[in-house]
There are 2 protein chains.
Amino acid sequence: MKLTSKGRYAVMALVDLARFDNINPVSLRDISLRQGISLDYLEQIFSKLKKNEIVKSIRGTQGGYVLNKNPNDIKLTNIFNAVDEKVKTVQCKKESKKGCNGKATKCVTHNLWDELEVHINTFFENKSLKDLLNNNKETRV
Amino acid sequence: MKLTSKGRYAVMALVDLARFDNINPVSLRDISLRQGISLDYLEQIFSKLKKNEIVKSIRGTQGGYVLNKNPNDIKLTNIFNAVDEKVKTVQCKKESKKGCNGKATKCVTHNLWDELEVHINTFFENKSLKDLLNNNKETRV
DNA sequence: ACATACCTGACCAAAATGGTCAAGTTTAGA
DNA sequence: TCTAAACTTGACCATTTTGGTCAGGTATGT
């Protein structure tokens, strides 16, 4: 089990954005330079963030992206969903009447993965972008 | 983020084993048939479980595997470690003095992934094989 | 008009995943 | 002692995912 860099980058970029969008839109180029993430890759990520209404885009010179919501209302869940970073544990069909593995019972570990999914998602639902902003201030090296 | 099937299979196989090893060693062939996991793949997995002293092997006819510990003492952490199913969230070097990305500060989300790792590992440390056995009895379809 | 910045989609190399295959060794039991 | 069951080891491999790059656009402020 691992976290993919798409999810990590999305969060990093949004934290960066949140810290600089008070005055002007923030260009991906700036985020790219500050965070060390490829510009082309960032564009893919922000395309998804935009579709999910987490950010707004402003085209043209001096354009860029701005947050579309209050940092307090942007939960990690939202971000991860937007970039398809899903917590995927249960492979068996949830609604299937036959249970997993085509047998008459649930596979012996079915409930476990269900629980784990809930456990992790709870963590993501309770963390907002704002939490990260505060946290970051405290922990500069 | 997703769980790989190696980790899932390991847990499924051990639950199966724990339910049948009262009398005789359990052959991988039986586990393979009951759980629908490829025999060859199971062998790879059990080789690792054995190295980590979670199971013992008994060779020869009527041989098989048995648990090497009390189900209550086999935590999910142990199983996942054994089969290299790691929770890997932080990509940045933990001890690096320079921080992440070669910059002078930790990357803005460093602490977040650290927290998440702890959160998930706590879940795994608190679940033993025995918990799964009990749980399974209750939830047959 | 032109530079800046978003936008879109095709493409790709490398690694991880989820196995298979082959060729053993060991041991219980007939 | 022979043999079949079962563990053991390691090479191999196809597919998918990951983590991007590249090549074009389009929109818009100045």
Side-chain angles (χ1 to χ4, degrees), chain A residues 1-13 17 20-21 24-52 54-68 80 83-89 91 101, chain B residues 1-13 17 20-21 24-52 54-68 80 83-89 91 101:
Chain A
M1 180 150 70
K2 66 175 187 191
L3 216 65
T4 69
S5 74
K6 192 165 282 184
R8 286 193 301 117
Y9 285 173
V11 176
M12 287 169 69
L17 179 57
F20 287 92
D21 85 339
N24 297 313
V26 180
S27 73
L28 293 190
R29 189 164 171 280
D30 288 349
I31 296 178
S32 165
L33 291 173
R34 280 193 296 257
Q35 300 298 327
I37 304 168
S38 133
L39 174 61
D40 288 310
Y41 202 28
L42 272 181
E43 283 176 347
Q44 284 181 43
I45 292 169
F46 272 76
S47 161
K48 295 182 179 193
L49 292 176
K50 189 187 170 188
K51 271 181 199 145
N52 283 264
I54 292 170
V55 296
K56 275 186 299 193
S57 69
I58 294 156
R59 306 185 72 153
T61 315
Q62 302 303 321
Y65 285 93
V66 292
L67 290 182
N68 198 18
F80 283 145
V83 298
D84 302 315
E85 180 86 277
K86 286 171 202 152
V87 177
K88 210 169 96 183
T89 56
Q91 303 301 69
N101 302 332
Chain B
M1 180 150 70
K2 67 174 186 193
L3 216 64
T4 70
S5 74
K6 194 165 283 185
R8 284 192 303 116
Y9 285 172
V11 177
M12 286 168 70
L17 179 58
F20 286 92
D21 85 340
N24 297 313
V26 180
S27 73
L28 293 190
R29 188 163 171 281
D30 289 349
I31 297 178
S32 164
L33 290 173
R34 279 193 296 257
Q35 300 297 327
I37 303 169
S38 134
L39 176 60
D40 288 311
Y41 202 28
L42 271 181
E43 284 177 345
Q44 285 181 43
I45 292 170
F46 271 76
S47 161
K48 294 182 180 195
L49 293 176
K50 189 188 168 187
K51 272 182 201 145
N52 283 265
I54 292 169
V55 297
K56 274 186 299 194
S57 69
I58 293 157
R59 306 184 72 155
T61 316
Q62 302 303 320
Y65 285 93
V66 292
L67 291 182
N68 198 18
F80 284 145
V83 299
D84 301 315
E85 180 86 277
K86 287 171 202 152
V87 178
K88 210 169 96 182
T89 57
Q91 303 302 68
N101 302 333

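Numbered from 1 within each chain, the chains take letters A, B, ... in sequence-line order. Nothing here was measured: the structure is a model prediction, and the numbers come from that model.
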From CE of Met12(A) across to P of dG19(D) the rounded distance in Å is 13 Å

What is the distance, to the nearest angstrom, from the NZ atom on Lys48(B) to the P atom on dC7(D)?
18 Å

Tell me: CZ of Arg29(B) to P of dC7(D), nearest whole Å?
11 Å

Of all residues at least two apart in sequence or in a different chain, which pass the side-chain contact (heavy atoms from CB on, under 4.5 Å) check with Ser47(B)?
Lys51(B)

Contact check, side chains of Phe46(B) and Ile31(B), non-hydrogen atoms, under 4.5 Å
yes

Without placing hydrogens or testing angles, list every side-chain donor-acceptor pair under 3.5 Å for residues 54-66 of chain A, not counting sequence neighbours.
from: Ser57(A); atom 1: OG; to: Lys50(A); atom 2: NZ; distance (Å): 3.1

Kindly write out the residues that satisfy side chain to side chain donor-acceptor pair (under 3.5 Å) with Lys6(A), not counting sequence neighbours, or none if the list is empty.
none

Between dC7(D) and Ser27(B), is there an OP1 or OP2 to side-chain N/O distance shorter than 4.0 Å?
no

For atom CG of Leu39(A) and atom P of dG20(D), their distance in whole Å
13 Å

Is any side-chain N or O of Ser57(B) closer than 4.0 Å to OP1 or OP2 of dT8(D)?
yes

Contact summary for Ala13(A) and Leu42(A), nearest pair of heavy atoms:
CB-CD2, 3.9 Å

Looking for any heavy atom pair under 4.0 Å, which part of the strands does Val26(B) touch: base, sugar-phosphate only, or nothing?
sugar-phosphate

Presence of Tyr65(A) side-chain N/O under 4.0 Å of dC7(C) phosphate oxygens OP1/OP2
yes

Let me know the distance between CG of Leu42(B) and P of dA6(D), rounded to the nearest Å.
14 Å

Name the pairs: protein N/O against N/O of nucleotides 26-30 of chain D, kept only if under 3.5 Å.
from: dT26(D); atom 1: O2; to: Arg59(A); atom 2: NH2; distance (Å): 2.7
from: dA27(D); atom 1: O4'; to: Arg59(A); atom 2: NE; distance (Å): 3.2
from: dA27(D); atom 1: O4'; to: Arg59(A); atom 2: NH2; distance (Å): 3.3

Please state how far atom CZ in Phe46(A) lies from atom P in dT8(C), giving the value in whole angstrom units.
15 Å

Rounded to whole Å, how long is the line connecting atom OH of Tyr41(A) with atom C1' of dG19(D)?
4 Å

Spacing between Lys6(B) atom NZ and dA15(C) atom C1', to the nearest angstrom
14 Å

Using atom names, set out every protein N or O paired with an N or O of nucleotides 9-15 of chain D below 3.5 Å, distance rounded to 0.1 Å.
none

